[in-house]
**Student:** 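Before anything else, here's the structure in question.
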Number of protein chains: 2
Amino acid sequence: MKEFLGKDMRLTNQRRIILEELQSVSTHPTADEVYGLVRQKMPRISLGTVYRNLEVLSSLGLVRKLENAAGQKRFDGDTSPHHHIRCEVCGKVGDIYDAPDISGIEKGLHSDFQVTGFILEFSGICPHCQARQQPEQ
Amino acid sequence: MKEFLGKDMRLTNQRRIILEELQSVSTHPTADEVYGLVRQKMPRISLGTVYRNLEVLSSLGLVRKLENAAGQKRFDGDTSPHHHIRCEVCGKVGDIYDAPDISGIEKGLHSDFQVTGFILEFSGICPHCQARQQPEQ
DNA sequence: TCAAAATTTGATAACCATTACTAATTGAGC
DNA sequence: GCTCAATTAGTAATGGTTATCAAATTTTGA
Ligand SMILES: [Mn+2]
Ligand SMILES: [Mn+2]
Ligand SMILES: [Zn+2]
Ligand SMILES: [Zn+2]
């Protein structure tokens with residue numbers, strides 16, 4: 001991790017553990033949930049430190065910040081290219097690795113904006129909420 | 001508009017003017033900006049009434065609600081199918097009417113979620129911010 | 001026609017995720 | 001180890017949104 005930090009940035013225990021915990025789960029936790037995870041290893045860390053470092057890590061490209069839908073921001077320790085699906089009921093986020101490749105779809109659009117990219121996000125219902133929603137029949 | 005309201009819902013002046021104002025612009029205003037527009041016609045309306053009715057109108061399908069964790073919600077009086085592009089600098093939203101059709105892309109994905117749909121949103125830089133960002137050369 | 005019931009409003013308070021502030025602490029180069 | 005800028009813990013502030021509720025408005029129906 002050290003090699004990714006800028007020259008005036010320090011590798012603190014807080015920073016290292018936040019990244020490690022985020023990389024150890026596949027749940028796309030919110031900042032608050034990351035806080036819960038990290039406190040098991042480092043009980044005196046503050047929520048502000050978690051927010052601050054999630055922002056630092058995402059601007060360094062070490063984590064992905066998911067902010068293109070309703071609800072709280074979520075964070076992803078998996079920076080490999082993949083899409084996400086968000087539960088319409090509870091907001092939980094899952095991974096989609098096999099979506100058709102639509103790269104380049106942003107080229108040649110008619111817009112006065114300078115187009116730089118796109119985000120494709122799926123919506124659905126997570127296993128837990130499926131079970132809750134059809135209890136009968 | 002009356003025909004779209006539920007049987008226990010009333011067509012108030014507030015409700016009608018909010019929809020009319022939203023349909024009269026193509027700027028995808030925030031709730032606060034809708035409040036500003038509506039107050040020109042109805043100076044004593046409250047911000048809470050604007051929020052409440054934007055929610056009602058969007059649940060009836062009369063307006064589109066554009067949610068994003070990166071900023072404020074925005075509202076669209078144009079319910080015809082089209083995509084959006086968001087300015088990375090200022091958050092302004094524009095329309096994209098000529099994106100390639102990717103409907104059906106959500107079918108056959110490998111996920112334990114029940115997949116119901118998708119959102120494709122473009123990102124870019126709006127004309128105003130383009131002018132501000134490259135002042136030289 | 002008129003009073004009771006239902007809905008909606010305006011005003012304001014509460015909420016809550018996130019950011020800002022600041023004195024104390026600490027990582028890293030010398 | 002010493003120095004000092006970067007970082008932290010703790011807490012306050014922010015800001016968009018939602019909740020609350022008495023008053024106003026509209027509908028119902030006797
Ligand atoms: Mn992911
Ligand atoms: Mn639009
Ligand atoms: Zn769910
Ligand atoms: Zn812009």
Side-chain angles (χ1 to χ4, degrees), chain A residues 1-19 21 28-60 62-63 65-75 86 90-93, chain B residues 1-2 4-19 21 28-36 38-60 62-63 65-75 86 90-93:
Chain A
M1 170 176 182
K2 192 135 179 219
E3 61 272 24
F4 294 104
L5 297 171
K7 77 180 228 315
D8 290 340
M9 306 183 80
R10 295 176 184 175
L11 178 47
T12 61
N13 288 331
Q14 288 86 341
R15 209 159 264 179
R16 183 176 46 77
I17 291 180
I18 288 170
L19 181 58
E21 289 302 305
H28 309 89
T30 62
D32 203 68
E33 289 166 348
V34 173
Y35 180 49
L37 290 168
V38 173
R39 268 205 293 187
Q40 295 174 16
K41 297 262 173 70
M42 186 174 259
R44 301 195 52 81
I45 195 172
S46 79
L47 179 58
T49 298
V50 172
Y51 269 104
R52 199 184 323 109
N53 281 307
L54 285 173
E55 205 57 45
V56 168
L57 292 171
S58 97
S59 73
L60 292 171
L62 293 173
V63 313
K65 180 166 57 170
L66 310 180
E67 52 180 2
N68 263 77
Q72 298 161 254
K73 290 173 188 166
R74 290 178 174 272
F75 297 88
R86 191 176 299 263
C90 71
K92 219 172 288 174
V93 168
Chain B
M1 169 175 183
K2 194 137 179 216
F4 295 104
L5 297 171
K7 76 181 226 316
D8 290 340
M9 308 184 80
R10 295 173 185 174
L11 178 48
T12 61
N13 287 332
Q14 287 86 343
R15 210 158 264 178
R16 182 176 47 76
I17 291 180
I18 288 170
L19 180 58
E21 289 303 304
H28 310 88
T30 62
D32 204 69
E33 289 166 347
V34 173
Y35 179 50
V38 173
R39 268 206 293 188
Q40 295 175 13
K41 298 264 172 70
M42 187 174 259
R44 301 195 52 80
I45 195 172
S46 80
L47 180 58
T49 298
V50 172
Y51 269 105
R52 198 184 320 113
N53 281 309
L54 285 172
E55 205 56 46
V56 167
L57 292 171
S58 98
S59 73
L60 291 172
L62 293 173
V63 313
K65 178 167 57 169
L66 313 179
E67 309 189 81
N68 75 309
Q72 297 163 253
K73 291 173 188 166
R74 290 178 175 271
F75 296 88
R86 192 178 301 267
C90 71
K92 218 172 288 174
V93 169

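Chain letters run A, B, ... following the sequence lines, proteins first and then strands; every chain starts at 1.
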**Student:** Output the single nucleotide from dT8(D), dT7(C), dT7(D) whose closest atom is nearest the side chain of Met9(A).
**Tutor:** dT7(D)
**Student:** To the nearest 0.5 Å, what is the distance between CG on Leu19(A) and CD on Gln14(A)?
**Tutor:** 13.5 Å
**Student:** Let me know the distance between CG of Asp32(B) and P of dG15(D), rounded to the nearest Å.
**Tutor:** 12 Å
**Student:** Using only atom types and a distance under 3.5 Å, with no angle test, would you say the side chain of Arg15(A) pairs donor to acceptor with the backbone of Arg10(A)?
**Tutor:** yes
**Student:** Hey, which of these two, Thr12(A) or Ala31(A), hits DNA chain C nearer its 5' end, going by closest nucleotide?
**Tutor:** Ala31(A)
**Student:** Name the closest nucleotide to the Gln14(B) side chain, picking from dA28(C), dT17(D), dG10(C).
**Tutor:** dG10(C)
**Student:** Taking for each residue the nucleotide of DNA chain D with the nearest heavy atom, is it Lys73(B) or Asn13(A) whose nucleotide lies nearer the 5' end?
**Tutor:** Asn13(A)
**Student:** If you compare every side-chain N and O of Lys7(A) against the phosphate oxygens of dG27(C) (OP1, OP2), does one of them come in below 4.0 Å?
**Tutor:** no
**Student:** Looking across every strand, which nucleic acid part, if any, lies under 4.0 Å from Asp8(B) by heavy atom: base, sugar-phosphate, or nothing?
**Tutor:** sugar-phosphate
**Student:** Among dG10(C), dT8(D), dT18(D), which is the nearest nucleotide to the side chain of Asn53(A)?
**Tutor:** dT8(D)
**Student:** Looking at CD1 of Ile18(A) and CZ of Phe75(A), how far apart are the two atoms once the value is rounded to the nearest 0.5 Å?
**Tutor:** 10.0 Å
**Student:** What is the distance, rounded to the nearest whole Å, between atom CG of Leu5(A) and atom C1' of dG29(C)?
**Tutor:** 16 Å
**Student:** Strictly below 4.0 Å: does Tyr51(A) bring a side-chain N or O up to OP1 or OP2 of dT18(C)?
**Tutor:** yes
**Student:** Taking 4.0 Å as the cut-off, does a side-chain nitrogen or oxygen of Gln72(A) come that near to OP1 or OP2 on dC16(C)?
**Tutor:** no
**Student:** Are any of the side-chain nitrogens in Arg74(A) or Glu33(A) under 4.0 Å away from the carboxylate oxygens of its partner?
**Tutor:** yes
**Student:** Do Arg10(A) and dT26(C) have a side chain to base donor-acceptor pair shorter than 3.5 Å?
**Tutor:** yes
**Student:** Output the rounded distance in Å from CZ (Arg15(B)) to P (dT7(C)).
**Tutor:** 11 Å
**Student:** Do the side-chain N or O atoms of Arg44(A) get closer than 4.0 angstrom to the phosphate oxygens (OP1, OP2) of dG10(D)?
**Tutor:** yes
**Student:** Quick check for you: to the nearest 0.5 Å, what is the distance between Thr12(B) atom OG1 and Ile17(B) atom CD1?
**Tutor:** 9.0 Å
**Student:** Atom OH of Tyr35(A) to atom C1' of dT11(D): distance rounded to whole Å?
**Tutor:** 12 Å
**Student:** Just how far, in rounded Å, is C1' of dT8(C) from CZ of Arg16(B)?
**Tutor:** 15 Å
**Student:** If you only use heavy atoms from C-beta on, which nucleotide in dA28(C), dT8(D), dT8(C) is closest to the side chain of Arg52(B)?
**Tutor:** dT8(C)
**Student:** Between C1' on dT17(D) and CZ on Arg74(B), what's the gap in Å once rounded to a whole number?
**Tutor:** 16 Å
**Student:** Between P on dT8(C) and CD on Glu55(B), what's the gap in Å once rounded to a whole number?
**Tutor:** 15 Å
**Student:** For dA9(D), does OP1 or OP2 lie under 4.0 Å from any side-chain N or O of Thr49(A)?
**Tutor:** yes
**Student:** Quick one: Lys2(B) NZ to dT26(D) P, roughly how many Å, whole number?
**Tutor:** 12 Å
**Student:** If you pin Leu11(B) and Gly48(B) to their nearest nucleotides in DNA chain C, which one's is more 5'?
**Tutor:** Leu11(B)
